[in-house]
Structure formats: C-alpha cells, structure tokens
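Beneath this line is the structure, given in structure tokens, with notes to follow.
Order of listing sets the numbers, starting from 1, for every ligand and every atom in it. Predicted model only: the values in this text are computed from it and were never measured.
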Amino acid sequence: MQDKIERLREEIDAFKADSKDQVESFRIKYLGSKGALKGLFSDFKSVPNELRREFGQKLNELQNRAKTRLEELRDSVEDQGSETQEAPDLTRPAKPTPLGSRHPVSIVRNEIVSIFSGIGFSVEEGPEIEDDWHNFTALNFPPEHPARDMQDTFFIEKGDNDIALRTHTSSVQVRALERAQPPVRIVMPGRVFRNEDISARSHCIFHQIEGLYIDRGVSFADMKQTLLHFVREFFTEKAEIRLRPSYFPFTEPSAEVDVYWGLETETDYRITKGTGWLEIMGCGMVDPNVLENCNIDSKEYSGFAFGMGVERIAMLRYGIPDIRLLFENDQRFLEQFKTAY
Ligand code: PHE
C-alpha cells in the first residue's frame, strides 16, 4: 500500500500534458470512477485497523494532490493554447458577405420601365394618398357613377374632395397633365390599394405601371404598335397581342390587351382558361374630357394610356402560383431570384 501510494504520487507529479485530450486522460486514469485512486480506496478496506488512520490520511493527501495537478495541467494547456494559436492571416480573402436579392416585383418593374425608357418614355411618380379629383373626377368618373364601384376604395377622409388611398396609378396621369403641356410621354410605376379580400389571385396592395403618351396626331395604331413592341421585348420576339373592346371612364375607345401564351401544357390551359390568351393590361385613347380637365386642348392633342399590374406579370413570368408569396418576404422564396436580374 505504502509503495503504491508513493509510486502513484511520483507518476502524478511527473505527468505532462500538452493538449486538452491528455489532460482528460489524466483525469480518467487517476481520478475517474475506475481510476487508480478508486482502486486504492477499495484496497483500503483490507488495511488493518491500526494502520487505517495513517493510510487514510495519505490517501486523502494523494487525492488532493491529484486534483491540484489536474488543475495545473488544465491551466498549462489553456495558456499554451493561446500562445500557439496562429496569428490570423490578414492577406486571406474575407468571408463572403451574404448578398440580398432584388424582389421579383422590383425586377419586373425595372424591366418594364427600362423597355419604355428605350422608346423615349420618362418616369413620373405621384402620391399614394390621393384626393377624389385625381383618382376619380378628373378621370371622367362622374360623382356617384357606378364605375367608381369597379374599384373598392380605402377612404381616409370623406368630404367635398374625399381623401383615399389611390386605387390605380391613373391618378398620376392627371397630375402629370396638370403640370406639363404635351408632348407628354411617361410611365408611372407605383403602389395601389383596393379594399378587396386577399386570396391567391388578388391582394389589397399591389403595383401598377401606367403609361401615357399625348401629342398631336397620336392614334390608336400608335398605341397598338407601342404595346406590341413592349410585349415582344418583355416576353418573346414572336409574341402576339390582341385587343378586346372594354370600358374605362377615362379612355374611349378602351381595350384589354391579351398576349398569346400558348396551350401546350396543363398549366397553360388553366391560366388561360383554355383560350391560350392571357389578359395583361387595360388601355385606350385618353378621353377628351380628361384632357380638358387638365387644361389641354383636346382638339389639338390626343393620345393613349395603358395600365398593367406588376404582380400579375411577375407571376406569369416566374410561374408564381399565389400572389401572397410576393408580400410575405419569406427568404426561401426571395432567394430564388438572386440571379434573376
Ligand atoms: N387604371 C386602370 C385599372 O386600374 C387601367 C388602365 C390604365 C386602363 C390606363 C386604361 C388606361 O384598371
């Protein structure tokens, strides 16, 4: 017993460690539940009574010594750790900074705007909170006319000239025409608001791009050719459009523009309702009343306007099945547009 204690003490004092693993093996070897000290404590049972006091003391001392040594070893590898840690290599390239991506609505909006800037349209913006005059009256919506119900309005203030969230970007047409005499050739992107139930196909907030071209002698044929140019730039060179008669209070005649989408897949059938054609915007020749409301001589000038929903076009382009995805800002959705533009 005496020998064993002495030998162990020497071993413990001499133990060297230069890693955390080695410190741990020290702990297991001497202080662990099956370690050397446990072994000695069980040998202690057979020590004759008269020697118990002496050996008990020695064993306790040894155990304390082992614990102190464990701490010393721990400290030594920790110090070493910090000394041996390599200085950072400052010439290495930094970790890549994660980049965000453009929102699909912005990508599509930018692209549409850039197609029109290519043919001489400049960009105008107007307020999202509008008065009745700019959103309705100047656009030839007579007071109490049922056409106002086409667009469920979020009112902010009721009065002679109601204040509301604009229901379309056509209000910017009025602001632009009040400010400048023709020629006017502008696109007007912006957010619009309608009091509609939110579903996979419609939202109460969405984006439109409005276009307006007013000058001497602008004809319906000019409108058709401009829109065909846009559709061919945006979709494919071979795209075809058709104009279907429609109604808007501020244009006469008015039309809906359909683009030929094709009928090759089941999805094509579903989204075109089996016709192969998809409606992408409204358009028409600006009603003379609108020009007069903005102090523009409707005998001298004419022009066309059009308006399209950006979300709808983004959904078509990227095959997005639910408009709500465009408003939830889910990273897993947005990250897919990293390389889009
Ligand atoms: N303002 C119309 C709408 O929101 C679209 C439109 C714009 C139609 C310009 C014709 C001319 O539905």
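- Residue contact annotation: Phe250 has a non-hydrogen atom under 4.0 Å from ligand 1.
- Annotation for ligand 1: atoms under 4.0 Å from non-hydrogen atoms of Gly307 are 6 (C), 7 (C), 9 (C).
- Remark: the Gln2 side chain and the Glu6 side chain contain an N/O donor-acceptor pair separated by less than 3.5 Å.
- At under 3.5 Å, not a single nitrogen or oxygen of Thr251, backbone or side chain, sits near a nitrogen or oxygen of ligand 1.
- Of all the heavy atoms of Met281, none lies under 4.0 Å from any atom of ligand 1, so neither backbone nor side chain is involved.
- Residue Lys58 comes nearest to Ile5 through the heavy atom pair CB-CD1, 4.0 Å, listed as atom of the first residue, atom of the second, then distance.
- For ligand 1, the atoms sitting less than 4.0 Å from at least one non-hydrogen atom of Gln208 are 3 (C), 4 (O), numbered in the order shown with element in parentheses.
- Of all the heavy atoms of Ser254, none lies under 4.0 Å from any atom of ligand 1, so neither backbone nor side chain is involved.
- Each of the atoms 8 (C), 10 (C), 11 (C) of ligand 1 lies under 4.0 Å from some heavy atom of Cys283.
- Among Phe306, Tyr247, Phe248, Phe304, the residue whose heavy atom lies closest to atom 8 (C) of ligand 1 is Phe248.
- Other residues, nucleotides and ligands contribute more than 12 heavy atoms inside 6.0 Å of the CZ atom of Phe41.
- Counting all heavy atoms, side chain and backbone alike, Cys283 lies closest to Leu243 at SG-CD2, 4.5 Å.
- Comparing heavy-atom distances from atom 3 (C) of ligand 1 across Glu256, Arg194, Met308 singles out Arg194 as nearest.
- Each of the following atoms of ligand 1 lies closer than 4.0 Å to a heavy atom of Glu210: 7 (C), 9 (C).
- Classification of the Phe116-Phe230 ring pair by plane angle, with boundaries at 30° and 60°, yields parallel.
- In terms of heavy atoms, Leu291 sits closest to Ser302 at CD1-CA, 4.4 Å.
- Distances below 4.0 Å separate heavy atoms of Ser170 from the following atoms of ligand 1: 1 (N), 7 (C).
- The aromatic rings of Phe26 and Tyr30 are tilted relative to each other, their planes meeting at an angle between 30° and 60°.
- Salt bridge Glu24/Arg27: present, at least one basic N to carboxylate O contact under 4.0 Å.
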